[in-house]
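Comments concern the structure below.
Index from 1, following the sequence.
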Amino acid sequence: MSTPIVVAIDGPAGSGKSSVSKAAARKLGFAYLDTGAAYRAVAWHVLNEAVDPSDEAAVIESLEDFGYVISTNPDEYFVRVNEEDITEAIREPRITDVVSKVAKIPVVRQYLSDLFRHIMATTDKPGIIAEGRDITTVVAPDAPARILLTASEEARMARRSAELPQQSQDQTASALRARDAADSRVSDFMTAADGVVTVDSTDFSYEQTIDAVVEVIRSRTS
Ligand SMILES: Nc1ncnc2c1ncn2[C@@H]1O[C@H](COP(=O)(O)OP(=O)(O)O)[C@@H](O)[C@H]1O
Ligand SMILES: Nc1ccn([C@@H]2O[C@H](COP(=O)(O)OP(=O)(O)O)[C@@H](O)[C@H]2O)c(=O)n1
C-alpha cells in the first residue's frame with residue numbers, strides 16, 4: 001500500500017482544529033487524529049490512579065499501564081484507556097485544568113509523538129489529518145500540507161463558551177487564557193513556521209473554515 005498523505009494542523013484552543021479537521025477528513029475520505037485527546041487521556045489516567053499531575057516521575061511511571069486507543073474514523077470517534085471509554089470524561093473541566101501540566105513533561109511528549117507517528121504511518125486511509133499544537137513543527141514537519149488555524153481570542157472564547165454552558169463565560173475565558181499561556185511555553189502555535197499556511201477563521205462561518213482548509217489541503221497535495 002502507498003504511504004498515506006499527512007496533513008498537519010495546529011492552533012490555539014477554540015480555533016476550530018478538532019471540528020474542522022474532522023469535517024475536512026470526512027470530505028476527503030481521510031482518517032482524523034486528535035492528538036490533544038492523548039494528552040487529555042494521560043491527565044485522566046493520572047487522576048484515575050490518584051497520581052499528582054505535577055509529580056513528573058510519577059506521571060512518567062503511569063505511562064507503563066497507559067493502554068491508549070483512539071479511533072481515527074471521523075464518523076465514529078472514541079477514546080479509551082485500559083478498555084474504559086473516556087471520550088466524554090476527557091472534556092471535563094477537571095481534566096482541562098491539569099492537562100498542560102502533563103503536556104509539558106518531555107518524556108510524555110516524546111512517548112505520545114512516537115505513538116502519533118505510528119498511527120499516521122499505519123492508517124488504512126489514503127491520508128490522515130492530525131491536529132494539535134506541535135504537529136506542523138515537531139510531529140510531522142515534513143507533511144506536504146501544514147496549516148495553522150487561528151481565530152481572534154474573542155472568537156475562540158465565544159465558541160468555547162457555547163460548548164460549555166455549565167461554566168460562566170468568565171470562567172471559560174480565564175481557563176482558556178491560562179491554558180494557552182501554559183501551552184505556548186512548550187510549543188509555538190501562534191505563529192506559522194516556514195511553509196505553514198495560516199487560515200484565520202475569525203470572520204468565517206464554520207462551513208467557510210472547512211472549505212478554506214480543504215482548499216489548502218487540495219492545493220498542497222494534488
Ligand atoms: N468559523 C468557525 N471555524 C471553526 N469553528 C467554529 C467556527 N464557528 C464556530 N465554530 C465552532 O467553534 C468550536 C471550535 O471548537 P474545536 O473544534 O473543539 O476547536 P479546537 O479543537 O481548536 O479547540 C466548534 O464547536 C465549532 O463548531
Ligand atoms: N499536539 C498537542 C496537542 C495537545 N497538547 C496539549 O493537550 C491539551 C488539550 O488539547 P486539545 O487539542 O484537546 O485542546 P482544545 O484546543 O481542543 O481545547 C492542550 O491544552 C495541550 O496542553 C499538546 O501539548 N500538544
Side-chain angles (χ1 to χ4, degrees), residues 4 6-13 17-18 21-22 25 31-74 76-125 128-143 146 175-176 178-189 193:
V6 173
V7 177
I9 302 187
D10 287 327
K17 299 179 303 294
S18 309
S21 300
K22 209 184 269 182
Y32 157 67
L33 178 61
D34 172 357
T35 66
Y39 288 94
R40 288 174 177 274
V42 171
W44 179 90
H45 179 57
V46 159
L47 295 184
N48 192 48
E49 297 204 323
V51 165
D52 174 1
S54 307
D55 182 344
E56 294 203 4
V59 172
I60 291 166
E61 207 185 308
S62 82
L63 293 175
E64 277 168 26
D65 66 340
F66 180 58
Y68 182 67
V69 178
I70 186 162
S71 160
T72 58
N73 177 348
E76 199 198 357
Y77 177 81
F78 63 80
V79 181
R80 293 182 193 137
V81 167
N82 298 333
E83 293 178 11
E84 184 166 346
D85 191 300
I86 57 165
T87 313
E88 305 293 329
I90 58 170
R91 305 289 151 196
E92 289 170 12
R94 71 183 185 98
I95 304 298
T96 308
D97 289 348
V98 300
V99 65
S100 302
K101 286 187 186 165
V102 301
K104 75 175 170 36
I105 303 172
V107 173
V108 172
R109 301 200 70 79
Q110 186 65 53
Y111 176 89
L112 292 183
S113 298
D114 288 347
L115 183 78
F116 301 150
R117 291 187 191 108
H118 175 74
I119 293 172
M120 289 175 196
T122 55
T123 180
D124 57 3
K125 293 282 188 301
I128 183 162
I129 303 182
E131 53 91 5
R133 299 288 188 290
D134 63 344
I135 313 306
T136 61
T137 53
V138 177
V139 176
D142 299 327
R146 292 182 300 148
L176 192 115
R179 188 152 60 92
D180 276 350
D183 290 339
S184 61
R185 284 194 277 276
V186 177
S187 321
D188 183 2
F189 49 83

Can a donor-acceptor pair be found, under 3.5 Å and without considering hydrogens, that links the side chain of [X] to the backbone of [Y]?
X    : Y    : value
T72  : Y32  : no
S187 : F189 : no
R80  : V69  : no

Please give me the minimum heavy-atom distance between [X] and [Y], naming the atom from each residue.
X    : Y   : answer
A25  : A31 : CB-O, 3.7 Å
V51  : A58 : CG1-CB, 3.6 Å
N82  : F66 : OD1-C, 4.1 Å
R91  : A37 : NH2-CB, 4.1 Å
D180 : A13 : OD1-N, 3.4 Å

Would you give the length of the straight line joining atom [atom1] of [X] to atom [atom2] of [Y], rounded to the nearest 0.5 angstrom?
X    : Y    : atom1 : atom2 : result
T137 : R146 : OG1   : CZ    : 8.5 Å
R133 : I9   : CZ    : CD1   : 13.0 Å
I90  : Y39  : CD1   : OH    : 13.5 Å

May I have the list of side-chain donor-acceptor pairs in residues 42-49 shorter than 3.5 Å, sequence neighbours left out?
residue : atom : partner : partner atom : Å
H45     : NE2  : S62     : O            : 2.9
H45     : NE2  : D65     : O            : 3.4
H45     : NE2  : D65     : OD1          : 3.1

Going by heavy atoms in the side chains, are [X] and [Y] under 4.5 Å from each other?
X    : Y    : answer
D134 : R109 : yes
I119 : I128 : yes
D97  : R179 : no
V108 : L63  : yes
S18  : E131 : yes
D34  : I70  : yes

When you compare the side chains of T87 and D85, does any donor N or O come within less than 3.5 Å of an acceptor on the partner?
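A pair is found: one side chain offers a donor N or O, the other an acceptor, under 3.5 Å apart.
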Sort out for me which residue in D114, L112, V107 forms a side-chain contact (heavy atoms from CB on, under 4.5 Å) with Q110.
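Testing each of D114, L112, V107 against Q110, the sole residue satisfying side-chain contact (heavy atoms from CB on, under 4.5 Å) is D114.
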After noting the C-alpha distance and the side-chain angles of R117 and V139, does the key distance pass the side chain to side chain contact (heavy atoms under 4.5 Å, CB included) rule?
CA-CA 7 Å; R117 291 187 191 108; V139 176; 4.1 Å; yes
Would you sort out whether I129 and K22 count as a side chain to side chain contact (heavy atoms under 4.5 Å, CB included), showing the intermediate values?
CA-CA 8 Å; I129 303 182; K22 209 184 269 182; over 6 Å; no
Tell me the ring-ring contact (aromatic ring centres under 6.0 Å, His included) pairs involving residues 84-104, sequence neighbours left out?
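Qualifying pairs, neighbours excluded: none.
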Set out, in order, the CA-CA distance, both residues' side-chain angles and the distance that settles side chain to side chain contact (heavy atoms under 4.5 Å, CB included) for I135 and M120, then state yes or no.
CA-CA 11 Å; I135 313 306; M120 289 175 196; 4.3 Å; yes
